[in-house]
Every structure is written in C-alpha cells, then in structure tokens.
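Letters go in sequence order (proteins before strands), and every chain restarts at 1.
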Protein chains: 2
Amino acid sequence: MTEQKQILRQSGVALWRQIADRIRAAISHGDYDETGMVPPEIVLAEKFGVNRHTVRSALAALGQEGIVRAVQGRGTLIERRERLNFPISRRTRFTQGLGDQAREMQGLLLSFAEEPASRDIAQRLGMASGTQVLRLEALRKADGRPVSRSSSWFPAERFRGIDAAFRQTGSITAAYRMLGVSDYLRVSTEITATHADSSDLSDLALSPGAIVLVTTALNADPEGVPIQYSVSRFPADTVQFTIEN
Amino acid sequence: MTEQKQILRQSGVALWRQIADRIRAAISHGDYDETGMVPPEIVLAEKFGVNRHTVRSALAALGQEGIVRAVQGRGTLIERRERLNFPISRRTRFTQGLGDQAREMQGLLLSFAEEPASRDIAQRLGMASGTQVLRLEALRKADGRPVSRSSSWFPAERFRGIDAAFRQTGSITAAYRMLGVSDYLRVSTEITATHADSSDLSDLALSPGAIVLVTTALNADPEGVPIQYSVSRFPADTVQFTIEN
DNA sequence: AGAAATTTGTGCGTATGTATG
DNA sequence: TCATACATACGCACAAATTTC
C-alpha cells in the first residue's frame with residue numbers, strides 16, 4: 001500500500017505525460033475529494049521532482065480532457081472524477097447497464113453497410129464465410145461524453161432494418177425488440193487494452209497516449225443462435241468493467 | 001477490421017516507443033508467425049512513416065525486453081510471442097485457468113503480513129474496520145515470464161498459515177484446500193487499465209509506457225462468506241481476459 | 001478597505017532528447 | 001557520423017487573479 005511510483009526520465013514517455021497519468025489516477029481514486037482541487041503546481045512539482053512548467057504541461061493536458069480547470073489565483077479545480085461502471089453479465093445491456101450512472105444516454109449511428117462476412121466474422125457468428133452481414137458503427141455518449149465506439153456485425157437476412165431501428169431508438173436492445181427479438185444473452189466477452197489510435201482520438205475525444213479498453217463480444221438469442229458480434233472501444237480513464245458472478 | 005492505427009507525433013510518447021508497442025502487439029497477435037521474423041527495418045520505417053533510425057530504436061527496446069533479437073545479415077528474429085488468455089467465471093482459478101497455455105506455472109510469495117483492515121478492505125470483506133487481515137503479495141509466472149502481480153487480503157482468523165501453504169504450493173486454490181476450503185466462488189471482478197508504474201516495470205518486467213490491466217476481485221466460500229479480496233496487475237500486451245457466460 | 005500571501009499565467013534563455021536526412 | 005530542426009524540461013523572473021489576514 002506504500003505509494004512509491006516514480007517518474008522516469010528518458011523512458012520514451014514524456015514527464016508531463018507520466019505526471020498527467022498519475023494525477024488523473026489520483027483524481028479517479030478520490031485523493032483530492034476533500035478540497036475538490038488539485039494541489040498547487042509548486043507542490044506537485046516538488047512531489048514529482050520536476051519543474052513547475054512540466055506540471056503545468058500535465059495539467060494543461062488534463063484540462064484538455066475536461067478533467068480539471070485551472071483558475072488564476074484560486075487553483076486547479078477538478079471538473080469530474082466519476083468512472084462509469086459497465087457491468088458484464090449473461091444479460092449485458094449497454095444502455096440499461098449505464099443508465100443509472102448518467103442523466104442521459106445517447107446512441108449515435110455513425111455508419112451502416114451490408115457486406116459479405118470476413119472469415120473471422122463468419123466464424124464468430126457461426127455462418128459460412130461470405131454470407132451477407134450488416135455492419136453497424138455506433139458511438140455511445142453518457143451526458144454528452146463519449147463512452148464507447150463500437151463496430152457490430154449482424155446476420156443480414158434476419159436483421160435487415162436494424163439500422164433504422166437503432167437510429168430511432170439509440171439502443172441495440174430496443175432495435176432487437178422492434179425486429180422481434182425480445183431477449184438475448186451475452187455468450188462471451190474478451191477484454192484487452194491498448195493505446196488510443198487516431199480514430200479513438202476523434203471518436204472518443206481522447207488525448208494522444210490515452211488507453212482504451214477493447215471488448216470483443218458475442219450475443220446470441222435464447223436458442224443460442226449468434227445474433228451479434230461486436231468490437232467496442234472504451235476510454236480506460238473513465239470506464240471500468242464489472243463482472244458479477 | 002481495417003487496421004489504421006497511426007503513429008502520433010508530439011503526443012508525449014516518443015515515436016520509437018509507439019512503434020515498439022505496435023510491433024510487440026503484432027508479434028503477440030501472431031502477424032509474423034510465417035517467417036518468425038520482424039519485417040526489415042526499411043519496410044517498417046516505410047510502413048510507419050518514420051526514419052529507419054527510429055525503427056532501430058524501437059527494435060533495440062524490444063531486444064532489451066527479450067522479445068526480438070537482431071542478427072546482422074539475417075534480420076530481426078522473434079524470440080517469444082505468446083499471449084495468455086485468462087478466463088473469468090464463477091469458478092475462476094488462476095493456475096488452472098492458465099494451465100494449458102504454459103508449460104510451467106509458478107507462484108511466488110513476495111511478502112506477507114498481518115495487519116488491521118483498512119476501511120476499504122474491511123468493507124469489501126464484509127467485516128468491521130480494523131479487524132486483522134492477512135496481506136499476501138504474490139507474483140505469478142508462466143514459463144518464467146511474469147504474468148501477474150497481486151495483492152490479496154484474507155480474514156486473519158480463518159486463514160492463518162495461508163502464507164506457508166501458498167509458499168509451498170504456489171497456488172491459492174491449493175492453499176485454501178490445505179486450510180479446509182475445498183471450494184470457492186468468484187463473486188465479482190472489476191477490470192480497468194492504466195499505465196505501468198515503476199513497480200510494474202520491475203515486477204512484471206515491463207518497459208515504461210506499457211499498459212497494465214488491473215483487476216479487483218472478490219472471492220467467497222460456497223456459503224457466500226467473503227474469503228479473499230485481491231488487486232492484480234497484468235501486462236496488457238500479453239494477457240487478455242475472457243468472460244464466458 | 002488594504003496589504004500580504006497564495007496561486008495560476010507568461011516570457012525568455014539554455015540544455016538535452018528525439019527524429020530526420 | 002554529422003548537421004539540422006523541433007520537442008521536452010529546466011530555472012528564473014514577473015504579471016494577474018484570488019484568497020487570507
């Protein structure tokens with residue numbers, strides 16, 4: 001439990017970035033909840049053993065992410081520290097799962113296409129390679145903040161029209177219902193993590209170097225027939241997953 | 001499915017590091033399995049849009065990690081590339097879960113102590129704050145490579161002697177059995193991701209800037225009584241989680 | 001109200017690291 | 001290996017806004 005993380009020089013990661021990551025984590029951890037503010041720049045500089053300018057670079061990056069806001073003469077205020085919890089279970093539902101943690105959930109359809117299934121997609125959905133599938137690219141927001149960017153594939157024959165249904169409702173569960181699927185189950189979920197790529201930067205409004213959690217999920221209807229394969233990307237600094245058994 | 005990750009300049013993460021991360025991930029993903037070698041430096045330089053010097057810096061870093069080995073006149077050989085899959089379920093077992101993916105699993109006891117439970121720990125274990133708990137710090141290795149660094153807390157009264165049992169068997173499951181707990185269940189698992197800190201660098205043999213997956217898990221006996229709370233850190237480039245429902 | 005202390009904002013010069021060709 | 005350009009980090013100084021006494 002002893003905190004002894006070090007700032008490493010000449011590691012290929014700039015000091016300001018390491019410090020930004022540390023401060024972000026401390027905020028998430030609730031370390032500064034008493035004051036609602038980050039310690040003064042001069043204090044942080046001393047703590048990390050760097051120049052005040054370097055701390056300022058770190059705070060500027062966090063400001064860009066909307067995590068803190070500096071006010072001259074007062075200090076650097078914490079704007080948000082919540083971390084959305086996304087529960088994963090046999091009945092994983094996106095909108096519903098995050099529903100009580102945000103005032104407003106939003107599901108945007110970015111793009112939609114019908115295409116022949118790649119070998120990987122076909123295998124995951126349990127169909128012949130080349131069978132038509134629908135690809136739906138979606139962006140989810142909670143209170144206006146991006147929380148996930150997903151690519152989903154559906155068997156084309158069964159789910160034609162799901163784009164309109166999703167566009168209308170902003171929810172896959174609701175879209176399924178409109179197409180006659182009243183229930184479905186999460187078969188499996190793979191979770192990995194990687195650095196944000198350029199599309200994450202724009203889609204999820206991340207800063208370069210941020211971490212994204214990547215899930216690869218398979219949903220099936222109650223009979224066990226695969227109905228959806230999807231790959232989703234979440235900003236790791238604001239999302240965590242919980243598996244309840 | 002289109003690969004379009006970009007190398008980002010002025011992101012606070014040096015180009016050579018970003019490229020090293022990309023190549024490490026590609027190796028883990030099996031992209032170069034046909035030849036067992038990384039593409040020539042010139043090719044990589046062109047692919048990433050950087051100078052060959054920069055690629056060389058990246059490969060030098062990977063060589064330092066023991067992932068590749070450059071041979072003059074031949075190319076850059078891949079030394080190891082496995083990515084471990086860690087299944088999470090109601091009956092999550094560490095050693096057993098990874099058992100078939102490595103020739104040899106190893107569980108090392110790093111340190112052990114009896115201490116009063118912090119408010120957080122006590123709450124998780126469902127006991128009064130200040131009650132004695134046992135803290136066990138462990139390092140897991142698969143075929144000699146670190147795959148997880150964990151801190152676990154146990155109710156002291158019930159599990160005194162678990163350190164000796166773990167030291168002897170290298171497995172929590174086996175240690176439980178020696179103490180009369182023949183079965184236990186995973187109640188919940190939280191998963192987040194963050195940058196590697198200095199202790200990760202040494203414990204998990206990571207390079208600065210690497211990503212670690214962090215799990216926070218609670219285990220209970222068949223009666224539902226909490227018996228273990230633990231926080232584990234995994235190198236994200238070589239480990240993924242799978243939740244089977 | 002006003003002076004002092006605190007805290008963020010800005011400028012400039014210098015040294016070193018990173019990346020290119 | 002060398003030269004060049006730019007990013008990173010430091011140290012110092014001072015301005016501007018706010019809080020404290």
Inset, instruction - Figure out the CD/P separation between Glu46(B) and dT20(C), and round it to whole Å. - result: 13 Å
Inset, instruction - Calculate the interatomic distance between Leu59(A) atom CG and dG9(C) atom P; express it in whole Å. - result: 9 Å
Legend entry - CD (Glu115(A)) with more than 12 external heavy atoms under 6.0 Å: yes
Legend entry - dT19(D) phosphate, OP1 or OP2, under 4.0 Å from Arg74(A) side-chain N/O: yes
Legend entry - Considering all heavy atoms, the nearest Leu44(B)-Pro39(B) contact: CD1-O, 3.4 Å
Inset, instruction - Please report, rounded to the nearest Å, how far the P atom of dG11(C) is from the CZ atom of Arg56(A). - result: 11 Å
Inset, instruction - For each nucleotide in nucleotides 3-15 of chain D, reading 5' to 3', give B when a protein heavy atom comes within less than 4.0 Å of its base, S when such contact involves only the sugar-phosphate, and - otherwise. - result: ----SSSBBB---
Legend entry - Between dA19(C) (C1') and Phe48(B) (CZ): distance, integer Å: 16 Å
Legend entry - Residue pair Val239(A) / Phe86(A): nearest heavy atoms and the distance that separates them: CG1-CB, 4.5 Å
Please list every donor-acceptor pair under 3.5 Å in which a side-chain atom of residues 69-78 of chain A meets a protein atom from a residue at least two apart or in another chain.
unit_1	atom_1	unit_2	atom_2	d
Arg69(A)	NE	Glu79(A)	OE2	3.1

Legend entry - Counterpart residues, salt bridge (Lys or Arg N to Asp or Glu O under 4.0 Å), relative to Asp163(A) (two or more places apart): none
Legend entry - Cation-pi check, Arg140(A) onto Phe94(A) ring (under 6.0 Å, within 45° of axis): yes
Inset, instruction - Measure the distance from CG on Leu44(B) to P on dT20(C) and round it to the nearest whole Å. - result: 13 Å
Legend entry - Atom-to-atom span, CG of Leu77(A) to C1' of dG9(C) - whole angstrom: 16 Å
